Amino acid sequence: MDIQMKKGLLDVCVLALLKRGDSYGYQLITDLSEVIEVSESTLYPILKRLEQAGALVTYSVEHNGRLRRYYRITRTGIDRVEDFSRDWREMERINDFIQGVKKRK
């Protein structure tokens, strides 16, 4: 898969997970591993970029005597996931055209 495409998909996958509920880095990596391989060195820059874009916010909670950073999706992040879904449907139609699949409406 093209690296730029994968990067964009990872952003949306992270936001989609956060749409289900707040989470922290290690849990995000674990949950993402079900569909796509991601390392800490890949995830944390994504989280920082999404935070800077206003797609998520962070807060800290004490866990076993240490602070754990949690991430929460914002309206901007939700909109981004919804935009991706609309774009994906369009990509499916284009792929069907490329593959010669004819669908009736």
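Bear in mind that the values here come from a model prediction, so they are computed numbers and not experimental data.
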[X] side, atom [atom1]; [Y] side, atom [atom2] - distance, nearest 0.5 Å:
{"X": "Leu47", "Y": "Thr58", "atom1": "CG", "atom2": "OG1", "result": "9.5 Å"}
{"X": "Leu28", "Y": "Leu10", "atom1": "CG", "atom2": "CG", "result": "11.5 Å"}
{"X": "Asn95", "Y": "Glu90", "atom1": "CG", "atom2": "CD", "result": "12.5 Å"}
{"X": "Tyr44", "Y": "Ile29", "atom1": "OH", "atom2": "CD1", "result": "5.0 Å"}
{"X": "Ile73", "Y": "Leu15", "atom1": "CD1", "atom2": "CG", "result": "4.5 Å"}
{"X": "Asp22", "Y": "Leu17", "atom1": "CG", "atom2": "CG", "result": "12.0 Å"}

Taking atom [atom1] as the centre, does [X] end up with more than 12 heavy-atom neighbours from other residues, nucleotides or ligands that are less than 6.0 angstrom away?
{"X": "Lys19", "atom1": "NZ", "value": "yes"}
{"X": "Arg49", "atom1": "CZ", "value": "yes"}
{"X": "Arg86", "atom1": "CZ", "value": "yes"}
{"X": "Glu82", "atom1": "CD", "value": "yes"}
{"X": "Tyr26", "atom1": "OH", "value": "no"}

- Query: By side-chain hydrogen bond (donor to acceptor under 3.5 Å, both in side chains), which residues pair with Ser39, not counting sequence neighbours?
  - Reply: Ser41, Thr42
- Query: Are the side chain of Ser60 and the backbone of Arg69 linked by a donor-acceptor contact shorter than 3.5 Å?
  - Reply: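 Looks like no, no N/O pair under 3.5 Å.
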- Query: So, does Thr74 use its side chain to make a donor-acceptor pair with the main chain of Ala55 at under 3.5 Å?
  - Reply: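 Yes; at least one donor-acceptor contact below 3.5 Å.
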- Message: One thing to verify: whether Arg72 and Glu51 come together as a salt bridge, which I'm taking to mean a side-chain N less than 4.0 angstrom from a carboxylate O.
- Response: no
- Is the shortest distance from a Lys or Arg side-chain nitrogen in Asp83 or Arg80 to a carboxylate oxygen in the other one below 4.0 Å?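 Result for this pair is no, no salt bridge flagged.
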- Out of Val38, Asp31, Leu32, Leu9, which residue meets the side chain to side chain contact (heavy atoms under 4.5 Å, CB included) rule with Val14?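 Running side chain to side chain contact (heavy atoms under 4.5 Å, CB included) over Val38, Asp31, Leu32, Leu9 with Val14 returns exactly one hit, Leu32.
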- Query: Is Tyr59 reachable from Leu56 through a run of I, L, V, M, F, W or Y residues, each pair having side-chain heavy atoms under 4.5 Å apart?
  - Reply: no
- Task: Considering non-hydrogen atoms only, spot the tightest contact between Val12 and Val81 and give its length.
- Result: O-CG2, 4.3 Å
- Item | Heavy-atom closest pair, residues Ala53 and Thr76 | O-CG2, 4.0 Å
- Query: Mind checking whether Tyr70 and Tyr24 have parallel, tilted or perpendicular rings, split at 30° and 60°?
  - Reply: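 Perpendicular: the ring planes of Tyr70 and Tyr24 meet at over 60°.
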- Item | Test log, rule side-chain contact (heavy atoms from CB on, under 4.5 Å), inputs Asp11 and Leu50 | CA-CA 8 Å; Asp11 288 6; Leu50 290 171; 4.3 Å; yes
